[in-house]
Amino acid sequence: MGFDPKSLTYNKAGLIPAIAQDAESGEVLMMAWMNAEAVRRTLQTGRVTYWSRSRQAFWIKGESSGHVQSLVDLRVDCDRDCILVTVNQTGPACHTNRRSCFFTAVRAGDEVELMQPE
């Protein structure tokens, strides 16, 4: 019995959150959206493919920037409404040119920038 991306639980827009995590370090790199076709393409090609809500189009991570995400593993959470993709990340994952999109922390009520652009 094979995996069917349509078996996942998508929101009203047909999207599911996908969290990208570095396969070696465990660092959380980013969160983006996928639809069933993006999940299928990711599994088929090994290149992580997301759905851009602003452009209403597929985007393969690193296609223009060279900051490629190569799929290591795709995991589905217990409610089937979130995906974890473990990846080998080439270059920064964030469009701000930082390693991770999660570069701001809130500590003692203040925002603290944890990393500078590469």
Let me have the donor-acceptor pairs involving side chains of residues 63-70, under 3.5 Å, with sequence neighbours excluded, atom names and distances please.
unit_1 : atom_1 : unit_2 : atom_2 : d
Ser65  : OG     : His67  : N      : 3.0
His67  : ND1    : Pro92  : O      : 3.4
Gln69  : OE1    : Tyr50  : OH     : 2.7
Gln69  : NE2    : Gln89  : OE1    : 3.0

Could you tell me which residues satisfy side chain to side chain contact (heavy atoms under 4.5 Å, CB included) with [X], sequence neighbours excluded, listed by chain and number?
{"X": "Asp110", "result": "none"}
{"X": "Glu111", "result": "Thr104, Val106"}
{"X": "Thr45", "result": "Arg47"}
{"X": "Arg80", "result": "Phe3, Ser7, Leu8, Thr9, Val76"}

*Flag, side chain of Asn97 to backbone of Glu118, donor-acceptor distance under 3.5 Å*: yes

Report the residues that fulfil side chain to side chain donor-acceptor pair (under 3.5 Å) with [X], sequence neighbours left out, ordered by chain and then residue number.
{"X": "Glu113", "value": "Arg98, Gln116"}
{"X": "Arg41", "value": "Glu37"}
{"X": "Arg53", "value": "none"}

*Determine, for Arg75 against Asp73, whether the closest basic-nitrogen to carboxylate-oxygen distance falls under 4.0 angstrom.*
yes

*What pairs with Phe58 under ring pair (Phe, Tyr, Trp, His ring centres under 6.0 Å), at least two apart in sequence or on another chain?*
Trp51

*For Trp33, all residues meeting ring pair (Phe, Tyr, Trp, His ring centres under 6.0 Å), sequence neighbours excluded*: none

_Point-to-point distance, once rounded to the nearest 0.5 Å, from CG of Asn11 to CG of Asp81_ = 10.0 Å

*Could you give the distance from OG1 (Thr42) to CD1 (Ile60), rounded to the nearest 0.5 Å?*
8.5 Å

*Quick one: does Val85's side chain get under 4.5 Å of Leu71's, heavy atoms only?*
yes

*Determine whether Thr49 and Arg40 make a side-chain contact, defined as any pair of heavy atoms from C-beta on separated by less than 4.5 Å.*
no

_Qualifying ring pair (Phe, Tyr, Trp, His ring centres under 6.0 Å) pairs, either residue in residues 86-107, two or more places apart_ = none

*Determine the minimum heavy-atom distance between Pro5 and Tyr10, stating which atoms define it.*
O-OH, 2.6 Å

*Is it the case that more than 12 heavy atoms not belonging to Arg55 sit under 6.0 Å from its CZ atom?*
yes

Enumerate donor-acceptor pairs with a distance under 3.5 Å from any side-chain N or O in residues 15-32 to protein atoms, sequence neighbours excluded.
unit_1 : atom_1 : unit_2 : atom_2 : d
Gln21  : NE2    : Gly26  : O      : 2.9
Asp22  : OD1    : Glu24  : N      : 2.9
Asp22  : OD1    : Ser25  : N      : 2.8
Asp22  : OD1    : Ser25  : OG     : 3.3
Asp22  : OD2    : Arg99  : NH2    : 2.5
Ser25  : OG     : Glu27  : N      : 3.1
Glu27  : OE1    : Arg99  : NE     : 3.3

